[in-house]
Amino acid sequence: MNAVSHNHRFRSVFISDIHLGTRGCKAEFLLDFLKHVESDNLYLVGDIVDGWRLRKTWYWPQAHNDVLQKLLRKARKGSNVVFIPGNHDEFARNYIDHEFGAIKVMFEATHVGADGRTYLIMHGDQFDGVIAHAKWLAHLGDWAYTTALSLNHWYNVIRTRAGKPYWSLSRYLKHKVKNAVAYIADFEQAMAEVARQRGADGIICGHIHHPEIRDIDGVLYCNDGDWVESCSALVEHFDGRMEILHWADLRGLSPMEAYGRARTAASRPVTLPEAADAPSPSVPQPGREERVPAHAESGLQCASSSSPTPGRLRSMVSFARFSR
């Protein structure tokens, strides 16, 4: 592992698509990132917890607990932490405009950069045609992606024994398969158009696991990537400049070794000791309804499911009181 002689400090950090609750999640890499990086603002841009996968198979090792504890600790120590739920953690959209351990839960946010530019921040699944109109196909794609990660691991075991470096199947397909390239381009154009319609200078999103910063007809499109393969974060410097950090590359971390450890890691309950004394959010707050805002319920704005959150997922939000 490459040495980091000091902590890095930025004005803002944007991370998404961590997918806690899956074996593909590089929680240990993210913990290393959170240990060495500090910021005034920390935006969690969706798919932090993978509710889709947890509904099927319960997987929650200690490192995934540690990530949640670290995020809560940063909020408690003064960082402005904002959580914008995505499609995989859509159950949290029931708590929009509440706070969870000093972490604000919002459907979307507006960020003003140090250089005065305004950014619209959203996960991005609202403008993914597959999610909005064929959710069954999105679940099929999720299964295919998980299967590809497993196959990719064993392929890289063979490559390592042959003295060859790590190779990412999904990254290769995203760059080479015509339909995947077109999908990414369409998504980026759609997100830039949303920002333009809202009068923002740029947009910050996640969802497609493809880190990118580029100008699209005068709108700065920023995608912070993911913590399954890219292990990337978007950071804002104190002069307003945006940059993508590929943490595994910077630190010399091995994705193959991390995935191998995840396959044998023991699962455990979700525990957040610092929030254990708080009452349940299931108790209604006076004068408030716990629901997704009206603008988030339209087909254009949100493809969130209205089905009840399963017991285990509900327990993940039952240990802290949500309030303004």
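When a residue number appears, it is its place in the shown sequence, counting from 1.
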Can you tell me if [X] and [Y] form a side-chain donor-acceptor pair at under 3.5 Å?
| X | Y | result |
| --- | --- | --- |
| Asp50 | His88 | yes |
| Glu188 | His210 | no |
| Asn65 | Gln69 | no |
| His123 | Asp47 | yes |

Check whether [X] reaches the backbone of [Y] with its side chain - one donor and one acceptor, N or O, closer than 3.5 Å.
| X | Y | value |
| --- | --- | --- |
| Lys74 | Leu34 | yes |
| Arg196 | Asp217 | yes |
| Ser79 | Ser39 | yes |
| Asp224 | Ser232 | no |
| Lys26 | Val228 | yes |

Between [X] and [Y] (salt bridge meaning N to carboxylate O under 4.0 Å), is one present in this structure?
| X | Y | value |
| --- | --- | --- |
| Arg117 | Asp215 | no |
| Glu108 | Arg198 | yes |
| Asp40 | Arg9 | yes |

Problem set entry | Distance, nearest 0.5 Å, that separates CG of Leu20 from SG of Cys25 |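 Between Leu20 CG and Cys25 SG, I get 4.5 Å after rounding to 0.5 Å.
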Problem set entry | Interatomic distance, Leu42 atom CG to Phe14 atom CZ [nearest 0.5 angstrom] |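 Spacing of CG (Leu42) from CZ (Phe14) equals 9.5 Å.
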Aromatic rings [X] and [Y]: how do their planes relate, parallel, tilted or perpendicular, breaks at 30° and 60°?
| X | Y | answer |
| --- | --- | --- |
| His36 | Trp247 | tilted |
| His207 | Phe187 | tilted |
| Phe10 | His8 | parallel |
| Trp60 | His64 | perpendicular |

Mind checking whether [X] and [Y] have side chains closer than 4.5 Å, heavy atoms only?
| X | Y | value |
| --- | --- | --- |
| Trp52 | Glu90 | yes |
| Ile103 | Leu72 | yes |
| Asp115 | Arg241 | no |
| Tyr221 | Cys205 | yes |
| Leu71 | Val81 | no |
| Met242 | Tyr119 | yes |
| Val105 | Pro85 | yes |

Exercise. Does Tyr59 have Arg53 sitting over its ring (NZ/CZ under 6.0 Å from centre, angle to axis within 45°)?
Worked result: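 Ring-cation test returns no.
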Exercise. Taking all non-hydrogen atoms of both residues, which atom of Ala63 and which atom of Glu28 are closest, and how far apart?
Worked result: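 Heavy-atom minimum between the residues: CB-CG, 4.1 Å.
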